[in-house]
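Below: one structure, written as structure tokens.
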Amino acid sequence: QVQLVESGGGSAQAGGSLRLSCVASVASGRMPTRYCMAWFRQAPGKEREGVAGFDTLPSKRYSDSVRGRFTVSQGYTDTILHLQMNDLNADDTGTYYCALRPDYYCNELRPADMNYWGEGTLVTISS
């Protein structure tokens with residue numbers, strides 16, 4: 001069992017930056033040997049979409065809409081995943097979710113592929 005808690009959401013102006021963090025709590029006390037931990041977002045009236053992912057290969061994946069602006073990275077422990085978001089625009093507005101799938105390498109960043117989800121943190125960008 002894994003619990004995920006996101007933080008760092010808020011409001012920013014277009015062109016600004018925000019940093020999101022996700023902390024995983026694992027019932028076994030240790031992260032899985034192999035896993036994909038990723039960020040997704042959902043804008044009002046739209047489907048949830050993959051944003052960025054990190055796995056234990058290690059490899060990183062980004063959606064085309066954020067590549068070059070967002071950076072996903074591990075924190076000082078493997079239970080923490082950050083999402084540094086730069087050059088934000090109004091299209092980045094939405095609720096950002098952290099998700100994890102054990103025994104898996106990040107592939108297409110599809111919501112249906114992930115097993116565990118956080119409650120989300122809201123990001124609002126004003127132009």
Side-chain angles (χ1 to χ4, degrees):
Q1 188 71 18
V2 178
Q3 291 186 323
L4 302 169
V5 178
E6 305 95 337
S7 63
S11 299
Q13 292 192 329
S17 298
L18 286 172
R19 189 192 196 206
L20 306 183
S21 297
C22 174
V23 179
S25 298
V26 185
S28 67
R30 297 185 65 177
M31 291 290 278
T33 302
R34 182 169 69 124
Y35 63 86
C36 168
M37 197 167 176
W39 289 96
F40 293 77
R41 69 185 180 189
Q42 189 165 17
K46 295 188 176 180
E47 293 185 353
R48 193 169 298 188
E49 63 174 355
V51 174
F54 175 93
D55 65 32
T56 51
L57 272 174
S59 70
K60 299 179 182 181
R61 289 187 176 269
Y62 297 95
S63 67
D64 291 341
S65 61
V66 307
R67 187 175 291 110
R69 300 188 298 122
F70 291 12
T71 302
V72 65
S73 62
Q74 274 192 325
Y76 62 90
T77 75
D78 61 0
T79 60
I80 300 173
L81 191 72
H82 298 298
L83 183 68
Q84 178 66 41
M85 307 187 294
N86 298 329
D87 192 21
L88 289 160
N89 59 60
D91 290 337
D92 297 317
T93 293
T95 299
Y96 283 69
Y97 298 90
C98 179
L100 185 144
R101 175 173 171 171
D103 299 319
Y104 188 71
Y105 294 132
C106 295
N107 192 2
E108 299 296 328
L109 295 180
R110 295 176 300 198
D113 291 339
M114 308 305 285
N115 297 132
Y116 300 99
W117 291 88
E119 294 294 319
T121 185
L122 181 63
V123 170
T124 303
I125 308 302
S126 58
S127 56

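Numbers for residues simply follow the sequence, beginning at 1.
For the side-chain contact (heavy atoms from CB on, under 4.5 Å) test, residues two or more places apart in sequence or in another chain that qualify with R19 are H82, Q84. Residues satisfying the side-chain hydrogen bond (donor to acceptor under 3.5 Å, both in side chains) test with D113, not counting sequence neighbours, are Y104, R110. In terms of the side-chain hydrogen bond (donor to acceptor under 3.5 Å, both in side chains) criterion, T93 has no residue partners (sequence neighbours excluded). Every residue meeting the side-chain hydrogen bond (donor to acceptor under 3.5 Å, both in side chains) condition with S17, not counting sequence neighbours, appears here in chain and number order: N86. Here S11 pairs with T124 under the side-chain contact (heavy atoms from CB on, under 4.5 Å) rule; sequence neighbours left out. Judged as a salt bridge (charged side-chain N to carboxylate O under 4.0 Å, His left out), and not counting sequence neighbours, E119 has no contacts. S63 is linked by a side-chain hydrogen bond (donor to acceptor under 3.5 Å, both in side chains) to S65, counting only residues two or more places apart in sequence or in another chain. With sequence neighbours excluded, the residues that form a side-chain contact (heavy atoms from CB on, under 4.5 Å) with D91 are N89. Not counting sequence neighbours, the partners of D87 by the side-chain contact (heavy atoms from CB on, under 4.5 Å) test are R69.
Judged by distance alone, with hydrogens and angles left aside, the side-chain atoms of E6 form a donor-acceptor pair with the main-chain N or O of G120 at under 3.5 Å.
Atom NZ of residue K60 and atom CZ of residue R67 lie 13.5 Å apart, to the nearest 0.5 angstrom. Within the model, atoms CG of D92 and CD1 of I125 stand 6.5 Å from one another, a figure rounded to the nearest 0.5 Å. Rounded to the nearest 0.5 angstrom, S127 OG and L88 CG are separated by 12.5 Å. Rounded to the nearest 0.5 Å, atoms CG (L109) and OH (Y62) are 10.5 Å apart.
At a threshold of 4.5 Å between non-hydrogen side-chain atoms, the residues L81 and L100 do not count as touching. Using a 4.5 Å cut-off on side-chain heavy atoms (C-beta onward), V72 and M37 make no contact. Within the 4.5 Å cutoff, no side-chain heavy atoms of Y97 are placed close to those of L20. A 4.5 Å side-chain heavy-atom check between M85 and L83 finds at least one atom pair inside the cut-off.
Under the ring-ring contact (aromatic ring centres under 6.0 Å, His included) criterion, the residue pairs touching residues 106-127 are F40-W117, with sequence neighbours excluded.
Considering every non-hydrogen atom in both L4 and C98, the closest pair reads CD1-O, 3.5 Å.
Linking Ile, Leu, Val, Met, Phe, Trp and Tyr whenever their side-chain heavy atoms come within less than 4.5 Å leaves M114 and V2 in two separate clusters.
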Check residues 45-59 and write down every donor-acceptor pair under 3.5 Å in which the side-chain atom is one partner and the other belongs to a residue at least two apart or another chain.
{"from": "R48", "atom 1": "NE", "to": "Q42", "atom 2": "OE1", "distance (Å)": "3.3"}
{"from": "R48", "atom 1": "NH2", "to": "Q42", "atom 2": "OE1", "distance (Å)": "3.4"}
{"from": "E49", "atom 1": "OE2", "to": "R41", "atom 2": "NE", "distance (Å)": "2.7"}
{"from": "E49", "atom 1": "OE2", "to": "R41", "atom 2": "NH2", "distance (Å)": "3.3"}
{"from": "D55", "atom 1": "OD1", "to": "L57", "atom 2": "N", "distance (Å)": "3.0"}
{"from": "D55", "atom 1": "OD1", "to": "S59", "atom 2": "N", "distance (Å)": "2.9"}
{"from": "D55", "atom 1": "OD1", "to": "S59", "atom 2": "OG", "distance (Å)": "2.9"}
{"from": "D55", "atom 1": "OD2", "to": "S59", "atom 2": "OG", "distance (Å)": "2.8"}
{"from": "D55", "atom 1": "OD2", "to": "C106", "atom 2": "N", "distance (Å)": "3.0"}
{"from": "T56", "atom 1": "OG1", "to": "Y35", "atom 2": "N", "distance (Å)": "3.3"}

Can you give me every donor-acceptor pair (side chain of residues 24-34, partner residue at least two apart or in another chain, under 3.5 Å) with its distance?
{"from": "S28", "atom 1": "OG", "to": "R30", "atom 2": "N", "distance (Å)": "3.4"}
{"from": "S28", "atom 1": "OG", "to": "R30", "atom 2": "O", "distance (Å)": "3.1"}
{"from": "R34", "atom 1": "NH2", "to": "D103", "atom 2": "O", "distance (Å)": "3.1"}

